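The figures here come from the full heavy-atom set of this structure, side chains too, leaving out hydrogens, waters and symmetry mates. Everything quoted here is computed from the prediction, not taken from an experiment.
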Amino acid sequence: MSTTTLGSHGHEASHAAPHAHTGSFLSTYVFSKDHKVIGIQFLFSTLLWFLVGGLLALAVRWQVAYPWSPMPILGNLFREQGGQISPEFYTMLVTMHATVMIFLVIIPILAGAFGNFLIPLMIGADDMAFPTLNMLSYWFMWPAFIAFGSSFFVQGGAAAAGWTSYAPLSVLTEAAPGSHMGQTLWLIGLTCVGISSMMGSVNYMTTIIQMRAPGMTMFRLPLTIWAMFITAILQAFALPVLTAAGFMQLMDRLLHTGFFIPEGNTVNNALPAMAGGGQALLWQHLFWFYSHPAVYIMILPAMGMVSDIISCFSRKPIFGYKPMVYSIAGIAGLGFVVWGHHMFISGMNPALGMTFMVSTMMIALPSAIKTFNWLGTLWGGKIQFTTPMLFAMSFVSMFIIGGLSGIFMAATPVDIFIHDTYFIVAHFHYVLFAGTAMGVFGAIYFWFPKMFGRMMNEFWGKVHFFLTFVFLNGTFYTMHILGANGFPRRYADHYHLEIFKHLQPLNIVMTWSAICMVASQSIFIANFFYSMFFGPKAGRNPWHANGLEWQAPSPPGHGNFDFQPIVYRGPYEYGSPETTADFYPQTQPPPDERPAGDDAGHGH
Amino acid sequence: MADQHTLHDRGAGAAVLDNSDHGDDHGGHLQLEYHPGLPLKNSKLIVWLFLSTEIMFFAGLIGTYIVLRFGAPVWPQIHEVHLDERIGAFNTFVLICSSVTIVLALEASKVNKRGQAKALVALTLALGAVFLGVKMYEYSAKFAHGIYPISPHSQIYEKPDYYYGSAVRDRLNDPEVAGRLNDFRKGKDVADLTEEQRRGFRELDEIDKAVREPRKNGPVDLYLGVSEKVLPTEEEASSSGRVAPLKKPEGLNDLFPWLKMPFVIAGGNLWASTYFLLTGFHALHVLIGLIVFGLMLLMRLGPEDAHVIENTGLYWHFVDLVWIFLFPLLYLF
Amino acid sequence: MSDTMHSDSHSAMDSGHGGHGSHGGNAKYFYVFFALCALTLMSFWTSGDLLIPWPFRGQPAVGRAFMMAVSCTKAMLVIMFFMHLKWEANWKYVLTIPAGMMSLFLMLMLVPDVGLRMNLRTGNAGPSQERVARAASPEQVKQLGEIR
Amino acid sequence: MGRFWSLLFLTVPVFGVGVFLWGMDPRVNIQLPVDVSESGHNIDHLYFFILWLTGVVFIATEGALFWFTWKYGAESNPAPVKYMHGSHSLEIVWTILPAVTLLFIAIYQMNAWADSKMRNPSATLANGDPNPDITEIEVTGRQFEWRLRYPGKDGKLGTSDDLYTVNDIHVPVNKMVLVQLKAADVLHSFFLPNLRVKQDAVPGMRIPVWFKPMVIGRYDLPCAELCGWGHYKMKGQLTVESEADFEAWSARLDKEQSTTTPGVSAAAPGAAAKGEAKSKGEGKSEE
Ligand code: HEA
Ligand code: HEA
Ligand code: CUA
Ligand SMILES: [Cu+2]
């Protein structure tokens with residue numbers, strides 16, 4: 001992160017290195033405009049929130065397995081209730097668990113942390129197009145951190161209307177305890193996250209379009225960058241609608257407009273709080289118009305990074321580069337026309353449901369193409385079972401499970417039964433945790449040397465992988481079975497219903513599995529921090545990878561490159577017959593060309 | 001948008017040529033060369049990208065308005081909600097003028113007519129301020145009539161029904177209202193009242209008696225009569241043709257600002273919700289534009305700043321564009 | 001997307017809107033200005049009190065369609081001339097068309113659910129009695145007119 | 001170590017399929033709950049159809065993943081990597097095949113969807129009389145209970161002989177039930193796991209829900225849409241009984257409720273609901 005390492009491996013570095021950067025600590029590490037620092041700031045913040053979200057999940061799990069029995073250890077945090085989770089607290093826990101995980105972990109860790117860190121490095125730029133804007137996009141997360149974080153401590157507690165915040169529950173303050181200040185804070189936090197993502201996304205698009213190194217054509221971009229690019233487009237087009245909807249909900253709550261409240265709505269027989277005139281389903285439409293594309297925002301970058309990792313450790317070009325690119329674009333395009341699949345049972349016009357069902361089925365197609373191409377990449381390679389590779393392969397394996405369960409739900413008649421049951425919970429934890437989060441772990445292990453200049457410990461990395469992999473399946477797989485029994489979501493206690501009584505033992509197993517899963521993350525945390533300071537030094541290119549980022553110093557100095565990168569080929573030329581090494585960096589001139597630095601790279 | 005010119009705009013492909021732009025935070029490192037995808041400056045590209053997100057933002061808002069409006073069983077005529085399309089048309093004209101002035105400012109700055117450019121930007125700023133001023137006037141007229149959403153229940157009622165009746169009675173039971181009415185009945189301070197106000201009190205007195213004497217008329221007729229006295233509306237000339245009343249009829253609420261009597265506007269609540277939502281967010285955009293224009297006046301506005309004018313101009317034209325749709329949708333539909 | 005980029009990337013930077021007022025002086029802005037004013041008047045015409053009375057008084061749908069057409073024309077003029085899109089390369093379509101399509105699609109999909117909420121719909125769902133009882137109804141509006 | 005990891009990936013399909021097979025074992029009895037409706041088997045059929053189909057895809061893809069990691073591990077695979085960038089024909093194959101499969105599923109299920117959500121039975125005959133083949137009930141979800149209204153003797157909802165209960169639905173067996181679903185305050189969801197019925201109740205909307213119970217018994221009616229802190233305890237009960245029992249039950253209810261005058265508020269919850277619904281229905285008139 002400091003310029004002193006710049007050029008330490010240096011070819012051609014001599015003229016770039018000497019200018020030592022003399023900023024204050026504040027401007028170098030806190031209010032830095034350097035994309036790498038911002039990326040790492042995002043990484044640390046989101047990992048911290050990941051831990052918070054994980055602990056919230058444990059509280060949720062505890063209640064589901066042992067309703068009303070005081071929670072050990074974590075229960076000390078709410079000792080005034082005797083460590084017992086009350087029903088209103090449970091809905092808060094579920095809501096905030098999902099909110100934290102989605103808005104403060106997965107979205108910012110993908111776009112914010114990895115997007116920031118990787119985009120300029122992988123396209124050969126010295127920074128983002130607008131560094132100040134970039135810095136602001138990080139600092140706009142803080143109001144959100146504060147709003148979400150503080151909402152636990154305000155009167156009535158945090159938001160408790162589910163992460164989907166369905167109106168009218170979220171609008172009528174009389175209807176739920178967390179619907180007082182907590183819900184307002186939730187909406188404010190959401191808006192800030194939105195503004196942050198917005199600034200990030202326009203910046204990323206500009207950077208990727210305009211600041212690629214000579215020779216880096218669009219079809220020589222690593223898939224990570226393609227995924228980030230298309231994710232940015234998704235953000236740019238989908239998010240404003242959520243922002244608009246969020247403002248409407250805020251107005252409904254604060255100014256008592258009536259967008260989401262129909263006439264004649266009563267709470268507890270009381271006279272209508274507002275005159276209303278609106279439509280409850282409108283919120284759902286607007287919310288999912290963003291949040292369905294958002295689920296792809298939450299997986300596409302991981303897919304991109306996994307593609308890079310798989311190709312690198314199969315020592316083989318990615319199978320079907322262009323189909324991969326087109327399928328990312330296809331997912332994004334189709335992603336805008338399927339939002340209704342969350343509303344099949346919502347009272348939406350059933351004819352609309354039919355249309356959305358067909359488009360939802362079709363969206364499995366690009367995902368299928370991607371899955372098959374990953375498998376194709378593995379086929380005939382020389383697979384190195386490094387930690388990042390294990391995580392990447394588990395991404396593929398787990399995404400298949402999560403994706404296939406999506407087919408059940410896309411089938412409207414089946415969704416009648418499984419909607420709002422644990423089948424859904426299983427589905428999205430498979431795509432989100434077992435998919436994206438595993439992909440993110442892989443990416444952390446993969447790019448850690450670039451970020452901090454040191455390697456993470458392989459052995460403990462594998463132990464971390466093994467435990468996480470086993471316990472995650474133990475936690476989430478059986479949720480499918482629960483769902484098939486109609487086990488409803490967001491229930492503080494299921495067992496007073498006759499048909500769910502026999503499912504408690506299964507839940508106990510899952511809860512203990514979840515506890516072990518969270519516990520095994522301590523290995524990761526220890527490995528992460530130990531390696532940051534004491535890990536073996538990584539050279540520029542510890543994995544023998546092709547991407548531009550691996551030609552820069554580790555960690556890259558200010559301005560990233562100590563030479564002018566010129567790109568001669570795509571990023572996946574592993575095992576090319578043109579060279580003797582099994583990798584072929586994008587910047588390495590072909591044997592019949594003059595050495596880099598000339599204007600040779602301009603033609604394409 | 002606001003900090004457009006403060007952001008480091010490292011012109012596409014100009015990395016090598018354009019060292020001057022790399023301020024303190026880029027000191028010293030190697031200047032990289034790029035292969036830009038589009039023949040645009042980065043700043044212009046990002047403004048266009050930003051505008052496309054804005055399209056979606058307003059699509060969300062306008063779409064909401066359209067579906068709610070046409071789904072509503074009844075929507076108020078604009079004169080029922082005291083909206084005047086001539087004011088809207090005037091504001092449209094103002095925004096169109098400001099669009100012209102900003103584009104002329106751009107041309108002027110390109111040919112290095114700094115003074116002219118500055119004057120035109122200032123003119124744009126002034127026009128934008130006029131727009132906001134008119135908007136404020138319109139808002140305050142609505143607020144004065146009690147046409148706005150408010151908790152726990154707005155003063156707008158959909159129907160002259162039981163709920164409306166009890167709201168009227170509640171209001172009449174309010175100590176302040178009841179007190180003033182009683183004072184009038186007792187003849188206290190009557191001398192200080194104008195003729196109009198005396199008439200108003202007499203009407204209020206009638207209302208007070210009528211609503212406490214149930215089923216004299218059918219409640220619908222009775223309450224409609226009440227509402228009509230509280231906030232009269234000009235009758236429509238025909239079902240779609242609208243004749244704008246030049247002199248607004250005065251109602252009891254206009255006469256007595258303290259009265260705040262509820263009234264009936266069919267569809268009025270949702271109308272108020274959407275009207276303030278759309279115009280509010282548009283006005284916010286105008287305001288941001290004005291701030292940027294204000295900052296621009298501090299610049300030299302020669303050819304070197306032309307891109308700043310161009311980018312703000314793009315934003316400003318977009319704001320104009322939104323209004324081009326809002327005007328007919330809100331005032332003429 | 002990338003195709004457009006490629007074809008554009010080498011048409012030199014200044015061939016775009018390099019900024020030398022090369023599109024026929026400022027007169028065009030005034031023409032556009034007058035056109036916009038005239039169009040505003042035209043949509044204002046539908047409200048009926050200009051010199052010639054608006055001929056479609058009884059049919060609000062005609063007036064609305066007319067106004068939207070006028071607004072789209074105005075928007076086109078602003079985009080093309082003031083925002084200089086007339087002189088930009090193909091990238092303008094990449095940005096504007098998807099956004100336009102998506103916003104149209106959003107509105108379209110809202111119609112059956114929100115736009116028709118008071119009507120009977122597929123599957124025979126409809127508004128609840130409570131809602132009908134509290135919502136304003138067209139009959140009442142007629143009554144209102146009679147009283148006034 | 002490579003072998004170890006490929007075996008780990010092999011456990012995924014083994015464990016995955018195993019769990020479902022174990023769940024289907026009648027002794028364990030962790031599977032779809034008993035279906036007692038006339039048309040629920042359509043949904044079950046689709047569920048199992050998709051289960052088999054995705055099961056095959058699952059085993060194939062996970063199996064391939066295992067096999068490739070087993071065969072092409074760097075430690076054990078002496079062959080050089082296959083340097084290739086993909087295959088056009090393969091891409092076409094694995095685009096068309098899933099596309100056809102998915103389209104097939106999409107079309108295959110449309111009928112079941114239309115049957116359960118679009119082709120609603122009518123509560124009235126063509127001449128306006130109540131349809132004798134249908135039990136019509138109005139169900140209103142509110143925090144945190146289900147309020148029910150039966151048409152009473154005249155078979156019409158909204159008349160003075162309507163009957164009211166809370167959380168306790170009785171329906172005759174073998175007869176189509178048409179529920180007019182509403183919500184008073186927030187979203188709820190009318191979920192009958194044993195009848196494969198689920199429909200959100202939306203404030204401001206009246207949504208028809210229909211089913212035909214075929215087996216006498218009592219079934220749980222949980223609420224399946226988050227409706228506040230008491231969401232979990234918002235449970236009703238569906239009692240499916242013989243026509244005679246149902247008649248007896250409604251006659252008893254009728255007797256109870258016609259003796260209670262609507263004004264008396266200290267009465268049973270059912271009667272309270274009645275009084276309230278009445279005043280709401282007559283909102284237009286003076287008190
Ligand atoms: C990263 C996030 C992510 C991803 C990628 C997906 C992917 C998909 N999702 Fe999921 N989804 C969520 C996150 C995600 N989802 C979340 C968070 C919710 C719940 C929100 C809430 O209510 O709280 C949800 C809910 C949800 C629902 C609503 C359920 C309900 O509430 O009733 C539906 C319904 O159709 C659905 C469908 C799908 C489909 C069809 C895909 C497809 O894209 C999957 C495609 C992938 C495959 C199919 C696997 C690989 C392909 C093959 C191996 C090829 C061969 C396959 C076949 C021929 C079938 N999802
Ligand atoms: C990205 C999204 C994400 C992730 C990762 C998770 C992770 C987990 N989730 Fe969650 N969940 C959701 C998104 C997510 N969830 C959503 C959207 C809902 C729906 C909410 C609603 O209905 O509104 C939900 C709901 C939900 C429920 C259903 C509640 C209900 O409906 O009643 C349950 C129950 O078991 C659950 C459990 C878990 C568990 C055990 C984990 C575990 O996997 C958690 C494991 C946690 C860790 C492993 C943390 C590790 C920490 C680190 C690695 C940090 C390292 C730190 C440094 C280096 C500094 N979740
Ligand atoms: Cu009612 Cu959940
Ligand atoms: Cu979705």
[X] portion near chain D, given a 4.5 angstrom heavy-atom threshold:
X: Leu503(A); answer: side chain
X: His419(A); answer: both
X: Ile318(A); answer: backbone
X: Met357(A); answer: side chain
X: Asn373(A); answer: both
X: Phe260(A); answer: neither
X: Phe465(A); answer: side chain

Stepwise side-chain contact (heavy atoms from CB on, under 4.5 Å) check, Ile107(D) with Met361(A): CA-CA 10 Å; Ile107(D) 293 165; Met361(A) 285 289 171; over 6 Å; no
[X] side chain near [Y] side chain, heavy-atom distance below 4.5 Å:
X: Pro98(D); Y: Phe372(A); result: yes
X: Thr371(A); Y: Trp94(D); result: no
X: Met324(A); Y: Glu91(D); result: no
X: Pro350(A); Y: Trp113(D); result: yes
X: Phe408(A); Y: Thr54(D); result: yes
X: Pro222(D); Y: Tyr491(A); result: yes
X: Asp220(D); Y: Phe500(A); result: no
X: Val202(D); Y: Gln279(A); result: no

Would you mind checking which part of [X] comes under 4.5 Å of any heavy atom in chain A, side chain (CB onward), backbone (N, CA, C, O), both or neither?
X: Tyr47(D); answer: both
X: Gln31(D); answer: backbone
X: Phe191(D); answer: side chain
X: Ser116(D); answer: side chain

Quick check on the interface: out of [options], who has the most heavy-atom pairs with chain D under 4.5 Å?
options: Tyr321(A), Tyr90(A), Tyr572(A), Phe469(A); answer: Phe469(A)
options: Val414(A), Leu378(A), Asn485(A), Leu497(A); answer: Asn485(A)
options: Pro488(A), Ala368(A), Ser394(A), Ser86(A); answer: Ser394(A)
options: Gly353(A), Ala280(A), Ala411(A), Ala364(A); answer: Ala411(A)
options: Met362(A), Arg489(A), Met343(A), Lys322(A); answer: Met362(A)
options: Ile416(A), Asp420(A), Thr91(A); answer: Ile416(A)

Greater than 12 external heavy atoms within 6.0 Å of Arg3(D)'s CZ: yes
Pair Phe15(D) + Tyr477(A): ring centers closer than 6.0 Å: yes
Test of ring centre spacing under 6.0 Å for Tyr584(A) and Tyr83(D): no
Audit row: Leu281(A), Met205(D), side-chain contact (heavy atoms from CB on, under 4.5 Å) steps and yes/no: CA-CA 10 Å; Leu281(A) 289 187; Met205(D) 286 175 82; 3.9 Å; yes
So, [X] side chain and [Y] main chain: donor-acceptor pair closer than 3.5 Å or not?
X: Lys117(D); Y: Asn349(A); answer: no
X: His480(A); Y: Gly16(D); answer: no
X: Asn77(D); Y: Gly381(A); answer: yes

Reference residue Ile407(A); test side-chain contact (heavy atoms from CB on, under 4.5 Å); the match among Thr101(D), Val57(D), Leu102(D), Leu53(D): Leu102(D)
Option among Lys462(A), Met389(A), Met393(A) that satisfies the side-chain contact (heavy atoms from CB on, under 4.5 Å) test with Trp5(D): Lys462(A)
Test item: side-chain donor near acceptor, Glu573(A) and His85(D), under 3.5 Å: yes
Pair Glu498(A)-Tyr219(D), side-chain donor/acceptor within less than 3.5 Å: no
Pairs of heavy atoms under 4.5 Å with chain A: top-ranked of Ala79(D), Gly55(D), Ala64(D): Ala79(D)
Worked check of ring pair (Phe, Tyr, Trp, His ring centres under 6.0 Å) between Phe466(A) and Phe4(D): CA-CA 11 Å; Phe466(A) 179 78; Phe4(D) 172 77; 5.8 Å; yes
